[in-house]
Every structure is written in structure tokens, then in C-alpha cells.
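FYI, side chains are in, hydrogens and waters are out, and symmetry mates aren't considered; it's all heavy atoms of this structure.
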Amino acid sequence: MIKTPAEIIAQAQTKINCLDIPAAKALYIANKEAVIIDVREAQNANDAKLNAAINIPRGVLEMQIGKHCPQPNNLILMHCAGGGRATLAALTLQDMGYTNVHAITAKFEDIKTEFD
């Protein structure tokens, strides 16, 4: 049986830390070492991005994350356009050994309004 993307994302969300916007913002403000990773494609991030975010498209995340987050306990907040790719990316980082990864499961427009 083939799973739908929604089913895969829902399953991943049971294994990771998912945050709404207020909780993500509070965590970010409380931790000066926090890193926000935008896993959207570069073109989307170039069109509009959070001022504090680093764009690492999901397709190259494993190869580039170490440059920005060398320690496994770095606070990492993941976001995308709607929460799905951020969820899958957070699970990937968790599988890689990162221990303090959170996905912001909200629409980018709402995240941008609150964070910038």
C-alpha cells in the first residue's frame, strides 16, 4: 500500500517536536544560539524569507546542515511553506542525531508576520 504525503507527514509529526508560532517565537527569543532553517527551495526563499532564517532546501539538508549547526544539541527551528517539509526535515535531522529540533507547523505567511 502506498502512503500519501499527508499520511507520511502525520506519521512524522508523532515522532518530532511540532510547534505553533507563539511557542516557536518564545523558544527562539529565549535562546540566543537558536537557528531557523527555511527548507523551501531557494527561489521561494529569495522571494520572501524571515530575516533570521538560513535557507537550506530540504533536498540538500543533510549535506549542508553541519556548516550551520555543528553541535547536536543546537536549537533548530525548521519551517517551510506549510509545515510538511519542515516536519520531514526535522525528522531527518533527528535521525542524523540532532536532539533539539522543532518544526513550525504553520503557513509561511503567518510565521513571517509574527517573526519579522
Side-chain angles (χ1 to χ4, degrees):
M1 177 172 143
I2 296 174
K3 292 181 182 178
T4 67
E7 290 171 325
I8 294 168
I9 291 165
Q11 184 178 20
Q13 286 178 338
T14 67
K15 299 176 182 178
I16 64 159
N17 299 312
C18 295
L19 299 174
D20 61 13
I21 297 168
K25 187 173 182 180
L27 196 56
Y28 179 72
I29 290 169
N31 190 319
K32 295 190 186 314
E33 302 294 319
V35 176
I36 300 174
I37 304 292
D38 178 350
V39 294
R40 297 176 300 152
E41 294 301 315
Q43 180 179 2
N44 298 110
N46 289 337
D47 291 343
K49 72 180 234 57
L50 300 178
N51 292 328
I54 299 165
N55 176 241
I56 305 176
R58 184 170 167 249
V60 295
L61 182 65
E62 296 89 343
M63 281 69 80
Q64 293 186 7
I65 191 65
K67 292 183 231 174
H68 304 284
C69 301
Q71 301 302 319
N73 60 344
N74 282 120
L75 172 59
I76 304 171
L77 301 173
M78 313 293 294
H79 86 81
C80 62
R85 285 176 287 180
T87 295
L88 298 174
L91 182 59
T92 296
L93 293 186
Q94 191 171 288
D95 289 345
M96 288 177 69
Y98 287 92
T99 59
N100 198 6
V101 182
H102 307 268
I104 305 171
T105 52
K107 293 185 180 191
F108 173 73
E109 294 81 16
D110 298 332
I111 297 169
K112 177 118 175 104
T113 299
E114 291 297 319
F115 270 79
D116 282 347

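Taking the side chain as every heavy atom from C-beta outward, V35 and L75 never approach each other to under 4.5 Å. Between I37 and I65 there is a side-chain heavy-atom pair separated by less than 4.5 Å. Side-chain contact between L50 and F108: present, with at least one pair of heavy atoms (C-beta onward) separated by less than 4.5 Å. Residues I36 and H79 meet the side-chain proximity criterion, which asks for heavy atoms closer than 4.5 Å. Annotation: side chain of H68 is in contact with side chain of I56 (closest heavy-atom distance under 4.5 Å).
A donor-acceptor pair under 3.5 Å is formed between the side chain of E7 and the backbone N or O of T4. A donor-acceptor pair is defined here as one N or O able to donate and one able to accept, closer than 3.5 Å; such a pair exists between the side chain of Q94 and the backbone of K15. Side-chain N or O atoms of N74 include one that pairs as donor or acceptor with a backbone N or O of Q71 at under 3.5 Å. Here the side chain of K112 pairs a donor or acceptor atom with the backbone of K49 at under 3.5 angstrom.
Annotation for Q43: atom CD does not count as buried by contact number, only 12 or fewer foreign heavy atoms lying within 6.0 Å.
Residue pairs meeting the salt bridge (Lys or Arg N to Asp or Glu O under 4.0 Å) criterion with at least one member in residues 19-43, sequence neighbours excluded: D38-R40.
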Tell me, with the steps shown, if H102 and I76 meet side-chain contact (heavy atoms from CB on, under 4.5 Å).
CA-CA 6 Å; H102 307 268; I76 304 171; over 6 Å; no
Start with the C-alpha distance between D95 and L91, add both sets of side-chain angles, then the distance that settles side-chain contact (heavy atoms from CB on, under 4.5 Å), and finish with yes or no.
CA-CA 6 Å; D95 289 345; L91 182 59; 4.1 Å; yes
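With sequence neighbours excluded, no residue forms a salt bridge (Lys or Arg N to Asp or Glu O under 4.0 Å) with R85. By the ring pair (Phe, Tyr, Trp, His ring centres under 6.0 Å) test, Y98 pairs with no residue at all, sequence neighbours left out.
Here the CD-OG1 distance, from Q13 to T87, works out to 4.0 Å after rounding to the nearest 0.5 Å. Rounding to the nearest 0.5 Å gives a distance of 12.0 Å between CD1 of I16 and CD of Q11. The CG atom of L93 sits 7.5 Å away from atom SG of C69, with the distance rounded to the nearest 0.5 Å. Between the CG atom in L77 and the CD1 atom in I104 there is a gap of 5.0 Å [rounded to 0.5 Å]. Remark: M78 CE to T105 OG1 distance equals 13.0 Å, nearest 0.5 Å. For the atom pair N55 CG and Q64 CD, the distance stands at 8.5 Å (nearest 0.5 Å).
The two atoms that bring F115 and A24 nearest to each other are CZ-C, 3.8 Å, heavy atoms only. Between C80 and G84, the closest heavy-atom pair is SG-N, 3.6 Å. Nearest heavy atom pair, residue P57 against residue A42, reads CG-N, 4.0 Å.
In the hydrophobic cluster analysis, where Ile, Leu, Val, Met, Phe, Trp and Tyr join through side-chain heavy atoms closer than 4.5 angstrom, V101 is grouped together with M96. Put simply, Y28 and I111 are part of the same group of oily side chains (I, L, V, M, F, W, Y) that touch within less than 4.5 Å, one to the next.
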